[in-house]
Amino acid sequence: MTHPTLLSRIDGVFFGKILNRWEGRDPSAIGKTLITGPQEIDEFGFVADEQADLKNHGGADKAIHHYASEHYQDWIAEGEIPAGTVPAAFGENIATLGLSEWTLCIGDKLRLGTAIVQISQGRQPCWKVNEHTKNKKMAYLFQKTSRTGWYYRVLEKGVAGIGDQVTLIERTQPDWSVARVTSARLTRRVSQQDAEVLATLPELADGWRQAFGKMAGGTHTEDTRRRLTGSDG
């Protein structure tokens, strides 16, 4: 299948360590720092990166988180993060310019350095983004705008580092941009027909396929309080 020519360069690679960052709350590795040099990628992402919550922030379908650096200027202009905030403020692993949720699609295969990765889903923001950015609305704003970044599964192991190219090599689902699918998943405003398609989209992460299956069956309600606020109340 033909695909547009999309090419970017890795401007930043960021890793974190699991820490007890907030008293009485779950540990996190969202605080990531800039790493230089080529870094090994296996089936679970960058080998040297740590992930505290492998159910929600890791595993094969969420091995690497990529965030579009151009979103930072929007967040700053909107007054949601301080002027001068730079990439890794949202806990991403990779920063680039020129790729976004609107130009990439679920299932896209990209060459990342020498590795080959595939977009599996958008990010489902949680309360840790609020705490890390010191903005209690940040997870909600991620959800509202679809400026969430996206996750990769690793198809072929390799190495990647700052300066390496990111190249789109195959597109199988041109109708399903990351922004479109992420908005449908997080807002749950999706037609039954679209939900039925997404529930069986093979490139989509299993958890999201299951969620769209419920929507296709007519269940659009979902309790997001714990994810967005860290509380059941």
- Item | Glu203 and Thr172: CA distance, side-chain angles, deciding distance, side-chain hydrogen bond (donor to acceptor under 3.5 Å, both in side chains) verdict | CA-CA 9 Å; Glu203 298 90 343; Thr172 56; 2.8 Å; yes
- Query: Which pair of heavy atoms, one from Ala139 and one from Cys126, lies closest together, and at what distance?
  - Reply: CB-O, 3.4 Å
- Task: Just say parallel, tilted or perpendicular for the rings of Trp22 and Trp127, cut-offs at 30° and 60°.
- Result: perpendicular
- Message: For a side chain to side chain contact (heavy atoms under 4.5 Å, CB included) check, start with the C-alpha distance between Phe212 and Leu201, then their side-chain angles and the critical distance, and finish with the verdict.
- Response: CA-CA 10 Å; Phe212 282 116; Leu201 200 71; over 6 Å; no
- Query: Between Ala195 and Val190, which heavy-atom pair has the shortest distance, and what is it?
  - Reply: N-CG2, 3.8 Å
- Atom pair CH2/CZ of Trp176 and Arg171 - distance to nearest 0.5 Å: 14.5 Å
- Note on the structure: What one should report as the nearest heavy-atom pair of His66 and Thr96 is NE2-OG1, 2.8 Å
- Per the side-chain contact (heavy atoms from CB on, under 4.5 Å) rule, which among Asp164, Ile116, Leu7, Val166 passes with Arg111? Ile116
- Task: Could you tell me how the ring of Trp102 sits relative to the ring of His71: parallel (under 30°), tilted (30 to 60°) or perpendicular (over 60°)?
- Result: perpendicular
- Rounded to the nearest 0.5 angstrom, the OG-CG distance for Ser177 and Leu104 is 9.0 Å
- To the nearest 0.5 Å, how far apart are NZ in Lys32 and CD in Glu92? 9.5 Å
- Item | Residues Arg123 and Glu101 bridged, charged N to O under 4.0 Å | no
- Check Glu156, Arg153, Lys109 against Gln118 for a side chain to side chain donor-acceptor pair (under 3.5 Å) and give me the one that passes. Arg153
- Rounded to the nearest 0.5 Å, the CH2 atom of Trp150 sits from the CD atom of Gln121 at a distance of 13.5 Å
- Query: Do Arg227 and Glu222 meet the salt-bridge criterion of a basic N to acidic O distance under 4.0 Å?
  - Reply: no
- CD (Gln165) with more than 12 external heavy atoms under 6.0 Å: no
- Message: Here's a test for you: under side-chain contact (heavy atoms from CB on, under 4.5 Å), which of Gln51, Glu50, Arg21 qualifies with Ser28?
- Response: Arg21
- Task: Compare every heavy atom of Tyr67 with every heavy atom of Arg147, then report the nearest pair and how far apart it is.
- Result: O-OH, 2.9 Å
- Message: Let's go through Gln124 and Leu186 carefully: what are the C-alpha distance in whole Å and the side-chain angles of both, what is the deciding distance for side chain to side chain contact (heavy atoms under 4.5 Å, CB included) to 0.1 Å, and is it a yes or a no?
- Response: CA-CA 7 Å; Gln124 208 164 347; Leu186 298 183; 3.5 Å; yes
- Message: Looking at Gln193, I want to see if its CD is surrounded by more than 12 non-hydrogen atoms of other residues, nucleotides or ligands under 6.0 Å.
- Response: no
- Message: Show the nearest heavy-atom pair for residues Asn93 and Asp49, with the distance to one decimal.
- Response: ND2-OD2, 3.0 Å
- Query: What heavy-atom pair brings Leu99 and Ala68 nearest, and what distance separates the two atoms?
  - Reply: O-CB, 3.2 Å
- Message: More than 12 heavy atoms of other residues, nucleotides or ligands under 6.0 Å from OH of Tyr140: yes or no?
- Response: no
- Just how far is it from atom OG1 of Thr200 to atom CZ of Arg209, taken to the nearest 0.5 Å? 9.0 Å
- Query: Rounded to the nearest 0.5 Å, how far does OG1 of Thr103 lie from CG of Asp108?
  - Reply: 8.5 Å
- Task: Taking only Lys NZ, Arg NE, NH1 and NH2, and the carboxylate oxygens of Asp or Glu, determine whether Glu131 and Arg25 approach each other closer than 4.0 Å.
- Result: yes
